[in-house]
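Each chain gets a letter, A, B and so on, in the order its sequence line appears, and its residues count up from 1.
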Amino acid sequence: MTIAMSDSMTRIWNTLLAVPVGKVVSYGQLADLAGLPRGHRQAARALRLAPEALQLPWHRVISANGKIALEKDSDGYRQQMELLRADGVEVINGRINMTRFRWQPDLAELLFTLKH
DNA sequence: TTGCTGACTGCCT
DNA sequence: CAGGCAGCCAGCA
């Protein structure tokens with residue numbers, strides 16, 4: 001079976017692969033870094049449709065307000081929280097301190113993600 | 001073409 | 001701090 005994937009989706013995925021352990025990004029930020037301004041909806045969609053085989057660090061993407069975007073009492077929510085804590089990211093009362101854990105790539109990292 | 005739907009955001013109460 | 005809401009944009013019926 002083939003999956004209809006757009007160029008924007010692969011951009012999102014490649015950018016996501018560059019997010020390091022212990023750091024998070026918002027949907028909007030991920031889209032921006034992938035070269036898709038105002039593409040936060042696309043970022044969300046790219047995550048939802050991502051093949052598991054890609055081994056993407058999907059849990060490092062959260063809402064801009066610092067909360068996990070998934071429904072609070074869902075399995076996905078609990079799984080994401082566990083994965084984040086395993087990364088060393090503090091999740092307190094369901095939210096994350098963005099000033100401490102937001103990924104802020106330097107120029108070298110940005111160029112690297114753009115290359116792939 | 002039209003309308004609706006999201007793993008979203010920022011602004012306003 | 002919690003809702004409400006318009007704006008956003010690709011995909012699908």
Side-chain angles (χ1 to χ4, degrees):
Chain A
M1 150 187 174
T2 59
I3 297 177
M5 59 178 84
S6 62
D7 177 60
S8 60
M9 237 188 318
T10 57
R11 282 182 177 221
I12 294 286
W13 293 339
N14 284 328
T15 305
L16 177 55
L17 286 171
V19 183
V21 174
K23 291 295 176 181
V24 298
V25 289
S26 71
Y27 290 84
Q29 184 189 359
L30 179 61
D32 284 344
L33 292 173
L36 303 168
R38 297 181 300 289
H40 41 86
R41 293 278 192 190
Q42 288 178 76
R45 186 161 193 281
L47 256 56
R48 186 167 59 82
L49 300 178
E52 196 168 333
L54 288 183
Q55 304 275 338
L56 296 174
W58 60 272
H59 59 285
R60 313 220 253 250
V61 186
I62 63 178
S63 296
N65 60 14
K67 293 183 185 172
I68 290 175
L70 296 172
E71 191 179 348
K72 191 158 191 174
D73 288 315
S74 64
D75 290 332
Y77 180 94
R78 284 183 284 276
Q79 186 184 6
Q80 184 165 12
M81 189 161 67
E82 285 177 23
L83 290 170
L84 283 171
R85 284 178 171 157
D87 276 2
V89 175
E90 294 176 18
V91 185
I92 303 172
N93 291 328
R95 68 178 88 135
I96 293 153
N97 187 327
M98 291 299 269
T99 63
R100 284 183 55 195
F101 296 104
R102 182 192 291 280
W103 180 45
Q104 294 172 326
D106 58 30
L107 185 56
E109 287 176 297
L110 272 182
L111 292 176
F112 180 80
T113 67
L114 291 179
K115 240 195 269 187
H116 304 62

Spacing of [X] atom [atom1] relative to [N] atom [atom2], expressed in whole Å:
| X | N | atom1 | atom2 | result |
| --- | --- | --- | --- | --- |
| D32(A) | dC8(B) | CG | P | 16 Å |
| I92(A) | dC1(C) | CD1 | P | 13 Å |
| I62(A) | dT9(B) | CD1 | C1' | 14 Å |
| M81(A) | dA7(B) | CE | P | 20 Å |
| Q29(A) | dC8(C) | CD | P | 21 Å |
| K67(A) | dT9(B) | NZ | P | 13 Å |
| L49(A) | dT5(B) | CG | P | 18 Å |
| D7(A) | dA10(C) | CG | P | 13 Å |

Just checking R41(A): base, sugar-phosphate only, or nothing, at a heavy-atom cut-off of under 4.0 Å?
base

What is the nucleic acid contact for S26(A), judged by heavy atoms within less than 4.0 Å: base, sugar-phosphate only, or nothing?
sugar-phosphate

[options]: which one has an atom nearest the side-chain heavy atoms of [X]?
| X | options | answer |
| --- | --- | --- |
| A44(A) | dA7(B), dG11(C), dC8(C) | dA7(B) |
| Y27(A) | dA10(C), dC1(C), dT9(B) | dT9(B) |
| H40(A) | dC1(C), dA7(B), dC8(C) | dC8(C) |
| R48(A) | dC1(C), dG11(C), dA7(B) | dA7(B) |
| R38(A) | dC8(C), dC1(C), dC12(C) | dC8(C) |

P-based separation of dC12(B) from dC8(C) [nearest Å]:
15 Å

Between E109(A) and Q104(A), what is the shortest heavy-atom contact and its length?
OE1-O, 4.4 Å

With the side chain counted from C-beta on, respond yes when L83(A) and W58(A) share a heavy-atom pair under 4.5 Å apart, and no when they do not.
yes

Could you check whether any side-chain heavy atom of Q29(A) comes within less than 4.5 Å of a side-chain heavy atom of R102(A), counting everything from C-beta outward?
yes

Stepwise salt bridge (Lys or Arg N to Asp or Glu O under 4.0 Å) check, R85(A) with E90(A):
CA-CA 6 Å; R85(A) 284 178 171 157; E90(A) 294 176 18; over 6 Å; no

Can a side-chain donor-acceptor contact be found between H40(A) and D32(A) if the only test is distance below 3.5 angstrom?
no

My understanding is that a pair needs two contacts under 3.5 Å, Watson-Crick or G-U wobble. By that rule, which nucleotide pairs with dC5(C)?
dG10(B)

